[in-house]
**Student:** 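Handing you a structure now.
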Amino acid sequence: MQLKTHMDYQTICRRVEATGMSCRGGFHPTQADQMPAAGQTVIIIGNSGASFWQRFRRGENPGDDPLEDWTRAELTSAANDLGAAVLFPFDGPPYHPIMQWAKKAEAVFPSLYGPLIHPEYGLWHAYRGVLVFADNFDLPAGNPAPNPCITCVDQPCLNTCPVDAVSTGTFNRDACAGYLGSAEGRNCLELGCAARRACPIGAAHLYSADQRHFHMRAFLDNYRRT
Ligand code: SF4
Ligand code: SF4
């Protein structure tokens, strides 16, 4: 693909926001970043809060992986409009090191719960794609916020799970899925992971009950398929 030049961060963000997703910072890649698409500026795309979910839910979205299909369609369209290449976290194996790239693009940190934690969104966010531009353009200054886990005294994410599936740096997938599939696990299945909900960071960005249930259902279905 012939990539366009003379792009700027604000224009990209406006186009991405039309999908319900948002720009989550960017960086100028070096060889060490192992970018599979040639380009001089990388923008990370993610979601937080409800706008993305409302837009996804308005579509028909059939298929085994409706969220992946929707994400691919939306971001491919945006990338075509912007003259960018697009990469997805779910394409693989091998998978792109999007978590490493995200840490270069904005202030996110490994959490005691497991996934990257954002100082504002807490655990209620995700990365959905990467746009790669041929042009080298300016990026906004990063937010130098610290890792919230460092000052979290009670660490409720580690002592809330009823089957102790969550501990520092590890996740017992079998224990979690077993509980979710049981009658006792309906609370987690319907309302979302109790350990994740116990985290005090980013409460204003809590996913809707519908979205939390969707993700838990998808996790359980995927577990049973593999
Ligand atoms: S509950 Fe505390 S330790 Fe656990 S992820 Fe949230 S901020 Fe970090
Ligand atoms: S979904 Fe429930 S069982 Fe699974 S890790 Fe979270 S709290 Fe534990």
Side-chain angles (χ1 to χ4, degrees), residues 22 24-25 44-50 52-53 56-57 64-68 71 89-90 95 97-128 142-226:
S22 58
R24 301 284 296 275
I44 305 293
I45 309 300
N47 70 268
S48 61
F52 135 83
W53 188 250
F56 167 65
R57 274 311 202 201
D64 285 345
D65 293 304
L67 185 52
E68 290 185 10
T71 300
F90 42 78
Y95 296 98
I98 288 186
M99 300 304 156
Q100 299 305 316
W101 297 341
K103 285 191 280 186
K104 292 190 70 168
E106 65 172 353
V108 283
F109 309 91
S111 70
L112 297 192
Y113 175 74
L116 295 179
I117 189 165
H118 186 281
E120 180 183 349
Y121 307 139
L123 299 166
W124 304 109
H125 73 103
Y127 296 106
R128 305 236 156 257
N143 175 4
N147 183 347
C149 294
I150 292 172
T151 50
C152 181
V153 176
D154 294 335
Q155 302 176 347
C157 64
L158 299 183
N159 51 41
T160 300
C161 176
V163 290
D164 292 328
V166 183
S167 54
T168 307
T170 63
F171 172 61
N172 188 330
R173 192 167 174 258
D174 294 338
C176 175
Y179 183 74
L180 285 175
S182 71
E184 295 76 21
R186 289 198 68 80
N187 184 50
C188 282
L189 188 63
E190 298 295 333
L191 299 178
C193 173
R196 184 182 289 247
R197 284 185 283 127
C199 176
I201 308 301
H205 301 275
L206 176 75
Y207 289 169
S208 68
D210 182 34
Q211 183 174 3
R212 283 179 270 138
H213 174 63
F214 175 92
H215 289 305
M216 298 311 298
R217 186 80 250 173
F219 166 76
L220 187 57
D221 290 347
N222 185 52
Y223 177 85
R224 286 171 170 166
R225 276 202 298 265
T226 55

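Both backbone and side-chain heavy atoms feed into the values below; hydrogens, waters and symmetry mates do not. The shown structure was predicted, so the numbers you read here are calculated from the model rather than taken from an experiment. Remember, it's 1-based here, ligands and their atoms both numbered in the order they're listed.
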**Student:** Would you indicate which of Cys149, Pro115, Pro156, Ala198 comes nearest to atom 5 (S) of ligand 1 when only heavy atoms are counted?
**Tutor:**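 Result: the heavy atom closest to atom 5 (S) of ligand 1 is in Cys149.
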**Student:** With the side chain counted from C-beta on, respond yes when Thr160 and Tyr113 share a heavy-atom pair under 4.5 Å apart, and no when they do not.
**Tutor:**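 Heavy-atom side-chain distance check fails, nothing below 4.5 Å.
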**Student:** In the protein, which heavy atom is nearest to atom 6 (Fe) of ligand 1, and how far is it?
**Tutor:**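 So the nearest neighbour among protein heavy atoms is Cys199 SG, 2.4 Å.
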**Student:** Is the distance between the ring centroids of Phe214 and Trp53 under 6.0 Å?
**Tutor:**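 They qualify: ring centres under 6.0 Å apart.
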**Student:** If you define the side chain from C-beta out and look only at heavy atoms, does anything of Pro148 sit under 4.5 Å from Phe109?
**Tutor:**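 A side-chain contact under 4.5 Å exists here.
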**Student:** Answer whether the closest heavy-atom distance between the side chains of Leu116 and Pro110 falls below 4.5 Å.
**Tutor:**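 SC-SC contact between Leu116 and Pro110 confirmed.
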**Student:** Would you mind running through ligand 1 and noting each atom that sits below 4.0 Å from a heavy atom of Ile201?
**Tutor:**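 Ligand 1 atoms under the 4.0 Å threshold to Ile201: 7 (S).
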**Student:** Quick one: are Asn47 and Phe56 in side-chain contact, heavy atoms under 4.5 Å?
**Tutor:**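 They are not in side-chain contact.
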**Student:** If you compare all heavy atoms of Cys176 against all heavy atoms of Phe171, which two are closest, and at what distance to 0.1 Å?
**Tutor:**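 Cys176 and Phe171 have their closest heavy atoms at CB-CZ, 3.6 Å.
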**Student:** Can a side-chain donor-acceptor contact be found between Tyr179 and Asn172 if the only test is distance below 3.5 angstrom?
**Tutor:**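 No, no side-chain donor-acceptor pair sits under 3.5 Å.
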**Student:** So, is the end of the Arg196 side chain (NZ or CZ) under 6.0 Å from the ring centre of Trp124 and within 45° of the ring's axis?
**Tutor:**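 Satisfied, under 6.0 Å and within 45°.
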**Student:** Is there a heavy atom of Phe171 sitting under 4.0 angstrom from any atom of ligand 2?
**Tutor:**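 The answer is yes, since Phe171 has a heavy atom less than 4.0 Å from ligand 2.
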**Student:** Grab the two heavy atoms, one from Ala175 and one from Val163, that are nearest each other, plus how far apart they are.
**Tutor:**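 What the structure gives for the nearest pair is O-CG2, 3.8 Å.
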**Student:** Just which atoms of ligand 2 are under 4.0 Å from any heavy atom in Met216?
**Tutor:**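 That gives atoms 1 (S) of ligand 2.
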**Student:** Is there a side-chain contact between Thr151 and Pro146 (heavy atoms, below 4.5 Å)?
**Tutor:**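 Heavy-atom side-chain distance check fails, nothing below 4.5 Å.
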**Student:** Among all protein non-hydrogen atoms, which one is nearest to atom 2 (Fe) of ligand 1, and what is the separation to 0.1 Å?
**Tutor:**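 Protein heavy atom with the smallest distance to atom 2 (Fe) of ligand 1: Cys152 SG, 2.3 Å.
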**Student:** Check contact between Arg196 and ligand 2, using heavy atoms of the residue and a distance below 4.0 angstrom.
**Tutor:**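 No.
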**Student:** Among all the protein's non-hydrogen atoms, which is closest to atom 4 (Fe) of ligand 1, and how far away is it?
**Tutor:**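 Answer for atom 4 (Fe) of ligand 1: Cys157 SG, 2.3 Å.
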**Student:** Check for me: within less than 2.8 Å of atom 8 (Fe) of ligand 2, which protein N/O/S atoms show up?
**Tutor:**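 N, O, S partners closer than 2.8 Å: Cys161 SG.
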**Student:** So, 4.0 Å and heavy atoms of Pro200: is ligand 1 close enough to count as a contact?
**Tutor:**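 Pro200 counts as a contact of ligand 1 under the 4.0 Å cut-off.
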